[in-house]
Amino acid sequence: MKTSTKYFLLQSLGLMLFLNYFSFCQQPGYFDQGISRNITLPERAGRNVLQLFARGDSVLMLTSHGLFTYYQGSWSGKPFISGLQFGVMDPSHQVWLSNGRSIWSEGGKKIPNPPLHSGESITCLAWVDTQTLLAGSSRGLFVWNGEWTLPAALKEISINSLAIDSEGSWWVAGNAGLWRHKNEMWTNMDRTVMAPGHESRYMALEPTASGGSLYFSSAKAVGKLAESADNWLAKGSDGLPYGPVTRIEEKDGVIWMATAKGLIKKEENWQYFAGKRWLPDDRVQDILAMRNKKVWVATPQGIVEIGSVRMSLEEKADSLEQVLEARHNRMGLINRSKLAVPGELSSSFMENEDNDGLWTSCYLIAQCYRFAVTRDETARKRAVRTFEALERLETVTGIPGYPGRSYARATDLVAPSRSPHPKNWHLSADGQWQWLDDTSSDEIVGHLFSLALFHELVANDSQQKQVVALIDRIVSHIVDHEFQLIDADGLPTRWGIWNPDSLNRSSNWMYERGLNSLQILSHLKTAYHFTGKQKYENAYRLLVEKEGYAVNALTAKMTDPFEISHSDDILNFFPYHNLFRYTPKYDPSYPLYLKSLRRSWEAVRSDRMPVWNILSSSLLGEALDLEIAQQILEEFPLDQVNWSYTNSHRWDIKRDEFPGRGGATQALVALPPAESNVSRWNTNPKQLDGGGKGLSEESGSFYLVAYWMGRYYGYW
């Protein structure tokens, strides 16, 4: 078939699927992309930020050493005392400070200390008006109105928070109830409207922006009390990520909540911000809501601004492309970069990795789809550059059809393999290069998917001939060596095994039987399609008709009841692409492949991986969670540093009754990408805790593949 005809058919398929799914798909639009920005602090202020206040166009920052002012991008102020604990702003916008015993204004005016006993301290303050100050303490509420009084109803109660609502009522949250002072009467709301599940322990209070209502938090929930009966309550089962909430702020329809382990945002949905991707320290000590749905977050390690920018999926792709080109291209090989200093992008460097061939193939896939959609010359050039890198992986070994895992210049220092299976570096015949052996099935599935796509969507006539020759050499090597990948030592590599004696007749390969059967059938169909050589069709028939490989492919996801090794998902899904494209529908095994793909997709459906939803939808001809794929792409973080993350403490996550690989507890469905790992397709997106301590940055190519594949098929 001529290239132009193949390209027309591909475009026609994309148009047909677009029309089929038009009722689902949204026109390209904009969404809010979360971003985090550190606020540089004056050195003398220290980093332990206790509270934040707004005064006109300025922000006041209280640290344990003093009060500092931020105005038009600059800080002023200097330390004046140690031991500050908290402050409060009065009706005239003056800040009053406390060290837990004494109270004084920023201008130096003092109020006599409340009559505290030894070991007691002030915990919170609130001005009722210019004359009346409330001081919560560890043994009750003190009221200042020229002198201190201690209301009898609030004696011996440890108080956590105070608030004055728009009607002038006083609210007190403590460890013995939620109290309201109205019309000179004290009422314990626990005895009237509050549920017993609050355990009579309340932490934070904040009048609503519109007045007349009050936000509150308790030991296990957060909610709103309203005279209009517009009340609501949220627990972990309702979506509250964690608590108790220690501070609440509302602005522009967004509710921000502070906890000892992260920041919470509630709009239509809940969002949770924790870990170094978002915060310098997970302990949020205060929050200050700003314009445009931004918030300043005070922590023991400084201030961060969290907000969002309006962005399209394509703009995100462009942003990730810039990062990838700047820090993730090592002589044409595309992979993650390392960071010498945690999180410091200026310390980025690249070194070889065991699966450079696979991840480089993924980038080639992205550029092929990008070029097919946009006809952008930059995409074409990057696709050609990446194809040449994959071709070099094979030619550099000197073994026809055997691509190395990685390559480097002969003079380069190389990082040793981290695999438990031995891998060695070899010098190329011309002495210019060195290459890594023990090539895996990962590299082969990546090469054949991406090479076929490059041939059909990007390559010119000369490059197409190179592609066909390379595919022919790779698959011929496997067939000629009894369906094995033979290494430099003349022995099969650890994972390059598709031999019937191994897959069908050895218990050691029981778990790989379906997976590897699927792979080799796809490889043979790919080679036959591009070369027309009968030996590939004969080998396909042998494996299908005599060895039952098509039936084997039904169990490509096999263990308990599905395979739990996410590192096998690429090995599972990539082969489907070529198998479906190059196997005619009249092939007797085609219905088995349909069943196999649907079973495999159902096995990973709860992983919410966009690329598998998109690939499966395109091959099966129906929309399979495409709205989830688009949602995940929108949530995909711009910060691709592999920070450590922790979610095992969260209240809102439903746990799977079965653990993940390695026995760790996992979520029932994948966590939002901005709240978890920078997961590539070979990691568990349900894993609650993990990450890499900020010592590497992912390339983002897995976003690029999913986005441009989805664009190619008209899904967005």
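We're numbering straight along the sequence, starting at 1.
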Audit row: Asp354, Ser419, side-chain hydrogen bond (donor to acceptor under 3.5 Å, both in side chains) steps and yes/no: CA-CA 8 Å; Asp354 287 356; Ser419 170; 4.8 Å; no
Taking the side chain as every heavy atom from C-beta outward, state whether [X] and [Y] have any pair of such atoms under 4.5 Å apart.
X	Y	result
Leu50	Phe86	no
Leu695	Lys338	no
Arg277	Pro637	yes
Lys224	Ile255	no
Thr63	Leu41	no
Asn48	Gln285	yes
Trp716	Arg711	yes
Glu314	Trp708	yes

SB check Arg418 Glu351 (cutoff 4.0 Å): yes
salt_bridge(Asp652, Arg650) N-O dist < 4.0 Å: yes
Trp612 ring center within less than 6.0 Å of Phe573 ring center: yes
Test of ring centre spacing under 6.0 Å for Tyr576 and Trp601: no
Report yes or no: does [X] contribute a side-chain atom to a donor-acceptor pair with the main-chain N or O of [Y] at less than 3.5 Å?
X	Y	value
Asp438	Arg494	yes
Thr69	Ser76	no
Asp252	Val254	no
Gln434	Arg409	yes
Lys276	Lys693	no

Check: Ser440/Asp442 side-chain N/O donor and acceptor closer than 3.5 Å: yes
With sequence neighbours excluded, residues passing side chain to side chain donor-acceptor pair (under 3.5 Å) with Ser346: Glu344
Passing option when Arg405 is tested against Asp356, Asn355, Asp437, Thr439 for side-chain hydrogen bond (donor to acceptor under 3.5 Å, both in side chains): Asn355
Derivation and outcome, side-chain hydrogen bond (donor to acceptor under 3.5 Å, both in side chains), residues Asn677 and Gln687: CA-CA 8 Å; Asn677 198 10; Gln687 184 174 317; over 6 Å; no
Are there more than 12 heavy atoms of other residues, nucleotides or ligands under 6.0 Å from atom [atom1] of [X]?
X	atom1	value
Arg310	CZ	yes
Lys220	NZ	no
Arg283	CZ	no

Residues which pass salt bridge (charged side-chain N to carboxylate O under 4.0 Å, His left out) with Arg608, listed by chain and number, not counting sequence neighbours: none
When the ring planes of [X] and [Y] are compared, do they come out parallel, tilted or perpendicular, using 30° and 60° as the limits?
X	Y	value
Phe273	Trp278	perpendicular
Phe449	His577	parallel
Tyr703	Tyr707	parallel

Listed pairs under 3.5 Å, donor-acceptor, residues 261-270 side chains, sequence neighbours left out:
from	atom 1	to	atom 2	distance (Å)
Glu267	OE2	Lys293	NZ	2.4
Trp270	NE1	Asp238	O	3.4

